Enquirer: 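Before I ask anything, let me first share the structure, which is written out below as structure tokens.
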Amino acid sequence: MRAGGRGAVRVDEFGVKAPDEILYDAGDVYFAAKATITNLSAEDVSVFIEIQGVDIEGYEAVSGTLKGVIASGETRTLTSRLPTSPKALASVDQWQVGNIEYWTHDPDE
């Protein structure tokens, strides 16, 4: 069952750590993302959180997804190391939380 929206989960904080120096002749570079999420619902949920890097004009330049299962009433920090191109990463002006999707977790899946 897909619930969607932002009602049953809350993003308490998020952050991104990117390399200080970006080598333009390199292949993919990686950035690390984390988000602390609280499940406000009465059921365990599977969560996808989109982290977006936007350029100075507000257009998406980079995105990645954090995912995990969060028990009812619990808070959990989700982390991931995500690839992107050096050019895309260099164009990021700020980071933001994009789409948040969640649904009742089925332990048999």
Side-chain angles (χ1 to χ4, degrees):
M1 174 173 105
R2 188 168 297 273
R6 296 180 188 250
V9 297
R10 179 181 68 221
V11 178
D12 297 315
E13 66 178 281
F14 81 99
V16 174
K17 187 175 185 179
D20 291 334
E21 184 176 324
I22 299 171
L23 304 174
Y24 286 93
D25 60 346
D28 282 348
V29 294
Y30 291 84
F31 63 99
K34 73 175 185 174
T36 302
I37 313 298
T38 299
N39 178 0
L40 303 171
S41 75
E43 301 177 299
D44 295 354
V45 294
S46 295
V47 179
F48 285 166
I49 306 291
E50 180 186 24
I51 302 295
Q52 298 173 331
V54 296
D55 66 17
I56 198 162
E57 296 176 344
Y59 291 97
E60 182 179 300
V62 174
S63 69
T65 302
L66 303 174
K67 55 188 172 182
V69 176
I70 305 174
S72 173
E74 297 292 317
T75 297
R76 181 171 172 210
T77 299
L78 306 177
T79 62
S80 188
R81 186 172 166 254
L82 304 160
T84 190
S85 74
K87 184 176 180 180
L89 188 59
S91 70
V92 172
D93 181 58
Q94 69 180 22
W95 296 94
Q96 64 190 25
V97 174
N99 294 321
I100 300 172
E101 295 184 24
Y102 59 91
W103 56 92
T104 303
H105 175 68
D106 181 353
D108 295 328
E109 286 187 355

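Remember, predicted model here, so these are calculated numbers, not experimental data.
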Enquirer: Might you point out which heavy atoms bring Gln96 and Phe14 nearest each other, and give the distance in Å?
Expert: CA-CZ, 3.4 Å
Enquirer: Does Gly98 offer a backbone N or O that forms a donor-acceptor pair with the side chain of Glu50 under 3.5 Å?
Expert: no
Enquirer: Before giving the answer on side chain to side chain contact (heavy atoms under 4.5 Å, CB included), spell out for Val47 and Val69 the whole-Å C-alpha distance, their side-chain angles and the decisive distance to 0.1 Å.
Expert: CA-CA 6 Å; Val47 179; Val69 176; over 6 Å; no
Enquirer: Between Trp95 and Phe31 (judged by ring centroids, cut-off 6.0 Å), do the two rings come close enough to count as a pair?
Expert: yes
Enquirer: Determine the minimum heavy-atom distance between Ile70 and Asn39, stating which atoms define it.
Expert: O-ND2, 3.0 Å
Enquirer: Quick check for you: to the nearest 0.5 Å, what is the distance between Arg10 atom CZ and Ile100 atom CD1?
Expert: 11.5 Å
Enquirer: About how many Å separate OG1 of Thr36 and NZ of Lys34, when rounded to the nearest 0.5 Å?
Expert: 6.0 Å
Enquirer: Stepwise, does the side chain to side chain contact (heavy atoms under 4.5 Å, CB included) test hold for Arg76 with Ile37?
Expert: CA-CA 5 Å; Arg76 181 171 172 210; Ile37 313 298; 5.8 Å; no
Enquirer: Can you name the nearest heavy-atom pair linking Pro83 to Asp28, along with the distance?
Expert: CB-OD2, 3.9 Å
Enquirer: Which is it for Thr38 and Val9 under the side chain to side chain contact (heavy atoms under 4.5 Å, CB included) test, yes or no, and what are the steps along the way?
Expert: CA-CA 6 Å; Thr38 299; Val9 297; over 6 Å; no
Enquirer: Between Thr104 and Glu43, is there a side-chain donor-acceptor contact under 3.5 Å, judged purely by atom types and distance?
Expert: yes
Enquirer: Side chain of Tyr102, backbone of Ala8: donor and acceptor closer than 3.5 Å?
Expert: yes
Enquirer: Take Val97 and Ile49, measure what side chain to side chain contact (heavy atoms under 4.5 Å, CB included) needs, and give me the verdict at the end.
Expert: CA-CA 7 Å; Val97 174; Ile49 306 291; 4.0 Å; yes
Enquirer: Under a 3.5 Å distance rule, please check whether Asp44 uses its side chain to pair with a backbone N or O of Ser72 as donor and acceptor.
Expert: yes
Enquirer: To check you understand the geometry: which heavy-atom pair defines the closest contact between Ser91 and Ala61, and what is its length?
Expert: OG-CB, 3.3 Å
Enquirer: What are the two closest heavy atoms between Leu78 and Leu66, and how far apart are they?
Expert: O-CD1, 3.8 Å
Enquirer: Taking all non-hydrogen atoms of both residues, which atom of Leu82 and which atom of Gly64 are closest, and how far apart?
Expert: CD1-CA, 3.7 Å
